[in-house]
Undergrad: 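Please see the structure below; I have some questions.
It should be emphasised that the depicted structure is a prediction, and the values quoted were computed from it without experimental measurement. Per chain, numbering begins at 1; letters A, B, ... match sequence-line order.
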2 protein chains.
Amino acid sequence: MENSTKLLKEFNLKVTPQRVAIVDELYHKGHLNIDELYAIMLSKFPSISLATIYKNVNSMVEKFFISEVKIPSEKSVYELIKEEHSHLVCEECKKIEDIVIDTSSVLDELKSQSKFNIKHTNVIFTGVCSECSK
Amino acid sequence: MENSTKLLKEFNLKVTPQRVAIVDELYHKGHLNIDELYAIMLSKFPSISLATIYKNVNSMVEKFFISEVKIPSEKSVYELIKEEHSHLVCEECKKIEDIVIDTSSVLDELKSQSKFNIKHTNVIFTGVCSECSK
DNA sequence: CTGACTGCAAACGTTTTGCACGGTA
DNA sequence: TACCGTGCAAAACGTTTGCAGTCAG
């Protein structure tokens with residue numbers, strides 16, 4: 001069985017062709033906003049409704065299968081949930097890169113300053129990628 | 001002259017009572033979303049329009065006088081721009097705390113992994129504050 | 001005095017909802 | 001078969017715009 005189908009079942013989401021396609025795209029593209037997702041889906045399902053995109057994205061977010069990434073000055077994108085990671089966003093070409101960094105030193109420093117019990121560390125770096133800075 | 005008035009002039013924004021009040025509130029409360037700001041402003045200017053809030057917030061953002069903070073699963077809040085800092089957000093009471101942490105080790109690690117030329121580092125920690133974890 | 005700001009109402013874009021139909025389990 | 005998902009249209013929501021009157025510089 002294909003990967004996307006298996007994943008949907010694991011998250012107790014009914015397997016429909018539309019959902020499989022959404023998961024496939026997020027898997028291959030990494031990050032997509034609603035408009036990009038709709039455009040891609042339209043090419044595969046000419047009569048798909050935007051409402052279907054929203055409904056599916058929302059149910060996948062609720063089941064913690066995908067997550068919304070809120071980027072400063074940009075539209076939110078969605079990605080499959082995996083190991084905690086940070087994002088690098090190019091201000092010019094808008095490319096988004098995932099990066100796994102060790103945040104333990106920052107968390108240690110934080111612990112000494114605040115009594116918060118931290119659950120998640122959300123880091124977004126913005127700047128210019130190597131292609132755009134040429 | 002009061003602080004807010006002076007600040008508005010420094011950022012080339014005309015000084016109106018509505019703007020002074022917005023800056024005063026952001027200064028005292030630290031972070032406010034649009035609805036909170038509107039509610040507070042309504043109590044001071046009963047006939048103020050939501051459009052006025054939006055117009056002022058947008059012009060202040062454009063002049064880099066205030067900035068939008070996008071928080072996972074929450075409404076965006078606005079704050080006066082100051083030294084770069086991170087945010088701690090309590091998932092339960094929604095309180096937001098500012099914290100200045102040294103991100104140089106993370107930036108160094110990043111530099112060794114990616115060719116991005118980083119301009120800004122945006123860090124949001126989510127968790128439970130000390131009052132709520134009692 | 002002039003241009004910018006305000007408040008109002010309308011417009012706009014985005015997201016959600018209700019419903020009839022069709023597909024999945 | 002029973003329920004859930006889909007597509008469509010309408011509704012709801014948040015934000016922006018245009019305009020006439022007012023105010024700051």
Undergrad: Where along nucleotides 18-25 of chain D does protein come under 4.0 Å, by heavy atom, of base (B) or sugar-phosphate alone (S), with - for untouched nucleotides?
TA: B-----BS

Undergrad: Could you give all pairs that pass the ring-ring contact (aromatic ring centres under 6.0 Å, His included) test and reach residues 100-134 of chain A, with sequence neighbours left out?
TA: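 Sorted pair list comes back empty.
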
Undergrad: Is there a continuous path of hydrophobic side-chain contacts, each under 4.5 Å between heavy atoms, that joins B/Ile124 to B/Val77?
TA: yes

Undergrad: Distance check, rounded to the nearest 0.5 Å: B/Glu97 atom CD versus A/Ser114 atom OG?
TA: 4.0 Å

Undergrad: For DNA chain C, what residues of residues 30-49 of chain B have any heavy atom nearer than 4.0 Å?
TA: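 The stretch gives B/Ser47, B/Ile48, B/Ser49 as the residues lying under 4.0 Å from the strand, ordered by number.
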
Undergrad: Suppose we screen for side chain to side chain contact (heavy atoms under 4.5 Å, CB included). Which residues come up paired with B/Val100, at least two apart in sequence or across chains?
TA: B/Glu83, B/His85

Undergrad: Indicate whether any N or O donor in one side chain lies under 3.5 Å from an N or O acceptor in the other, for B/Ser105 and A/Ser105.
TA: yes

Undergrad: D/dG7, OP1 or OP2 - any side-chain N/O from A/Gln18 closer than 4.0 Å?
TA: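 Checking D/dG7 against A/Gln18, a side-chain N or O does come within under 4.0 Å of OP1 or OP2.
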
Undergrad: What closest approach, in Å, do A/Lys75 and A/Asn33 show between heavy atoms, and which atom pair accounts for it?
TA: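 Reported closest heavy-atom pair: CD-ND2, 4.1 Å.
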
Undergrad: With clusters defined by side-chain heavy atoms of hydrophobic residues (ILVMFWY) lying less than 4.5 Å apart, directly or transitively, does A/Val69 cluster with A/Ile34?
TA: no

Undergrad: Any chance you could measure A/Asp24, atom CG, to A/Lys29, atom NZ, to the nearest 0.5 Å?
TA: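 Separation between the atoms: 10.5 Å.
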
Undergrad: Without decimals, in angstroms, what is the distance between A/Leu50 CG and C/dG13 C1'?
TA: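 Distance, rounded to whole Å: 11 Å.
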
Undergrad: Give a yes or no on whether the backbone of B/Arg19 and the side-chain of B/Thr16 come within a donor-acceptor separation of less than 3.5 Å.
TA: yes

Undergrad: Give the residues of residues 61-76 of chain A touching DNA chain C, defined as any heavy atom closer than 4.0 Å, sorted by residue number.
TA: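 Residues of residues 61-76 of chain A that come under 4.0 Å of DNA chain C do not exist, since none gets that close.
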
Undergrad: Phosphate oxygens OP1/OP2 of C/dC5: is one of them under 4.0 Å from a side-chain N or O of B/Asn56?
TA: no

Undergrad: Show every ring-ring contact (aromatic ring centres under 6.0 Å, His included) that has at least one partner inside residues 15-39 of chain A, sequence neighbours left out.
TA: A/His31-A/His87

Undergrad: Rounded to whole Å, how long is the line connecting atom CD1 of A/Ile53 with atom P of C/dT16?
TA: 13 Å

Undergrad: Judged by atom type as modelled, is there a donor-acceptor pair below 3.5 Å linking the side chain of A/Lys70 to the main-chain atoms of B/Ile71?
TA: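 Yes, because the side chain of A/Lys70 sits within donor-acceptor range (under 3.5 Å) of the backbone of B/Ile71.
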
Undergrad: How many Å lie between CG on A/Asn58 and P on D/dT6, as a whole number?
TA: 13 Å

